[in-house]
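Take a look at the structure set out below.
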Amino acid sequence: MSALSALVGTRAARHTVLPGFGPSLGFTIVYLGLVVLIPLSAVFFKTAGMGWSAFVETAFHGRVLAAYRLSFGGALLAALLNAVFGLLVAWVLVRYEFPGRKLVDAMVDLPFALPTAVAGIALTAIYAQNGWLGSVLAQWGIKVAYTPLGVIVAMVFISLPFVVRTVEPVLQDLETDVEEAAISLGAGRVQTFVMVILPALLPALLTGTALAFARAVGEYGSVIFIAGNLPGVSEIAPLLIITKLEQYDYAGATAIGTVMLLVSFVMLLAINLLQRWRKSRMGG
Amino acid sequence: MSKNTSMPTHSRRPVSEPALIRWALCLLTLAFLGLFLFMPLAAVLAEAFRKGTEAYFSALATRETLAAIRLTLLTAAIAVPMNLVFGITAAWSVAKFDFPGRSLLMTLIDLPFSVSPVISGLIYVLIFGLQGWVGPILADHGVRVIFAVPGIVLATIFVTFPFIARELIPLMEAQGREEEEAATVLGASGWRTFFMVTLPNVKWGLVYGVLLCNARAMGEFGAVSVVSGHIRGLTNTMPLHVEILYNEYDFVGAFAVASLLALLALLTLAVKTFLEWVHRDEIAAALR
């Protein structure tokens with residue numbers, strides 16, 4: 001691997017006099033390979049070893065399908081909810097002035113910093129039958145904790161910062177000239193927002209939503225406490241991997257892991273394409 | 001951070017919404033964030049102190065809780081420096097040089113962000129477990145990785161892998177390489193260039209990356225849960241200890257340990273905000 005980087009290095013070195021390209025790239029690739037790529041490849045080797053029919057049987061079994069439905073469907077709903085509210089939060093933080101704005105802005109990063117297990121038990125305490133909100137909602141017959149609704153609440157929490165943090169900088173750099181032009185040409189505020197502002201924010205908004213979805217799909221720590229984990233109803237796919245591992249069913253765990261990894265890779269590809277689109281938009 | 005690059009002047013902005021709508025949007029935002037951010041934090045504290053301060057501190061002072069705190073500190077003390085060295089090296093090669101496959105490398109560095117924590121643990125079980133690739137060989141030599149501390153450290157390194165590189169790469173990219181090239185042409189060695197020119201330029205991004213990396217290292221749950229085996233006093237980190245106490249209906253204990261982790265999160269955010277505030281001109285200049 002370092003031979004490869006040295007080869008690449010001689011070509012790149014022509015562009016700059018800076019030293020250390022070969023060693024730093026070599027170390028980066030070796031460390032990346034040892035810590036990330038080789039371990040991840042184990043999932044595919046293990047799956048390849050179990051044969052196609054066994055793979056399909058485990059990875060697309062009825063209970064597993066229900067878990068995918070909850071993980072992917074819940075993550076999609078959570079991401080969409082965050083697309084709407086994230087845009088709102090970013091808008092209010094960038095455009096309006098109100099007391100405590102700095103504090104609120106800083107707190108948006110909380111889900112990145114707060115351990116997921118802490119978020120999980122806190123949300124469960126709030127939405128349980130005797131919790132602050134759970135007891136109120138129970139009067140209307142709404143149950144959140146230990147239902148699929150609880151799974152979505154936890155997913156909204158952990159993916160909350162993504163849309164805000166991707167939209168915020170774009171909104172800040174948005175020139176108001178275009179808006180002024182739209183207004184002076186007779187557009188209403190709503191029309192200006194939909195026809196002028198939203199299209200400019202769209203790439204960032206989609207990137208943030210995709211990031212939120214990718215994060216929520218694989219989430220485990222915050223979800224398992226509030227989910228109740230009823231098989232077929234409120235059981236997420238990552239939990240099934242753990243259940244299979246506890247039964248020493250490594251092949252079964254890996255088969256589900258493969259499906260989830262493939263979805264992650266597709267999401268990563270989509271996010272990269274979105275970001276490329278964003279850059280080309282900003283350049284033009 | 002890019003907030004400081006533009007200069008939002010409110011007087012220059014005649015286009016805005018009616019006051020009523022502005023207020024409504026502000027209130028809606030605060031209600032949403034209050035529900036999802038502030039209420040969980042308040043719930044952690046309320047539950048931890050439900051039976052008074054005495055119960056809170058005695059819940060924290062148990063032998064097993066202290067062992068969990070020690071293991072969490074040890075794990076972070078290994079994982080963060082390793083990823084710090086990696087992050088700086090990776091940022092140097094990716095941000096200061098052009099080469100084919102550069103964007104692919106950047107995508108691969110980000111990979112652990114998009115992998116489910118549970119899978120991050122699973123991959124190490126497949127390699128170091130007793131049925132894994134090298135697990136049996138290591139077991140013959142009396143080395144245990146899975147259900148032991150090395151597995152916890154490895155899974156933590158995987159999960160926190162991109163944090164520091166992620167912070168540094170855009171910052172070092174934005175600064176270009178003219179300053180470093182000048183230093184090199186004037187005869188400074190590579191290390192000297194790095195320590196005297198590059199490092200001072202990116203130090204706040206670096207500090208923030210380390211903080212985030214540390215917060216995640218201490219708080220990781222899913223990946224660590226898969227490889228730990230949950231042996232009390234031995235392979236139990238703080239987040240895992242929260243789960244054990246919670247499942248045993250020791251709610252005061254669970255929320256007491258959780259409150260320490262929440263405090264860590266708040267400290268991380270506070271230091272980040274403070275750094276951004278104190279060095280806003282510097283950060284803006286660096287990004288320009």
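So that the names make sense, note that chain A is the first sequence line, chain B the second, and so on, each numbered from 1. The structure displayed is predicted, hence computed values, not measured ones. Atoms considered below: every heavy atom in the structure, side chains included; atoms not considered: hydrogens, waters and symmetry mates.
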So, the part of B:Thr273 with a heavy atom under 4.5 Å from chain A: the answer is side chain

Is B:Phe161 close to chain A through its backbone or its side chain, or both, or neither, when contacts mean heavy atoms under 4.5 Å?
side chain

With chain B, which of A:Val156, A:Leu123, A:Val104 has the greatest number of heavy-atom pairs at distances under 4.5 Å?
A:Val156

Relative to chain A, which segment of B:Thr184 carries a heavy atom at a distance below 4.5 Å: side chain, backbone, both, or neither?
side chain

Contact class of B:Trp133 relative to chain A, heavy atoms under 4.5 angstrom
side chain

Using non-hydrogen atoms only, which part of B:Ile127 is less than 4.5 Å away from chain A: side chain, backbone, both, or neither?
side chain

Please look at B:Met218 and chain A and tell me whether the side chain, the backbone, both or neither of the residue comes under 4.5 angstrom of a heavy atom of that chain.
neither

For B:Glu179, the side chain to side chain donor-acceptor pair (under 3.5 Å) test, sequence neighbours excluded, returns B:Asn201

Cut-off 4.5 Å, heavy atoms of chain A, and the answer for B:Leu154 is neither

Contacting moiety of B:Val257, where chain A heavy atoms sit under 4.5 Å
neither

Between B:Val118 and A:Ile242, is there a side-chain heavy-atom distance shorter than 4.5 Å?
yes

Please identify which of these residues, B:Leu122, B:Ile123, B:Ile119, meets the side chain to side chain contact (heavy atoms under 4.5 Å, CB included) condition with A:Leu261.
B:Ile119

Can you say whether B:Ala91 sits under 4.5 Å from chain A via the side chain, the backbone, both, or neither, judging by heavy atoms?
neither

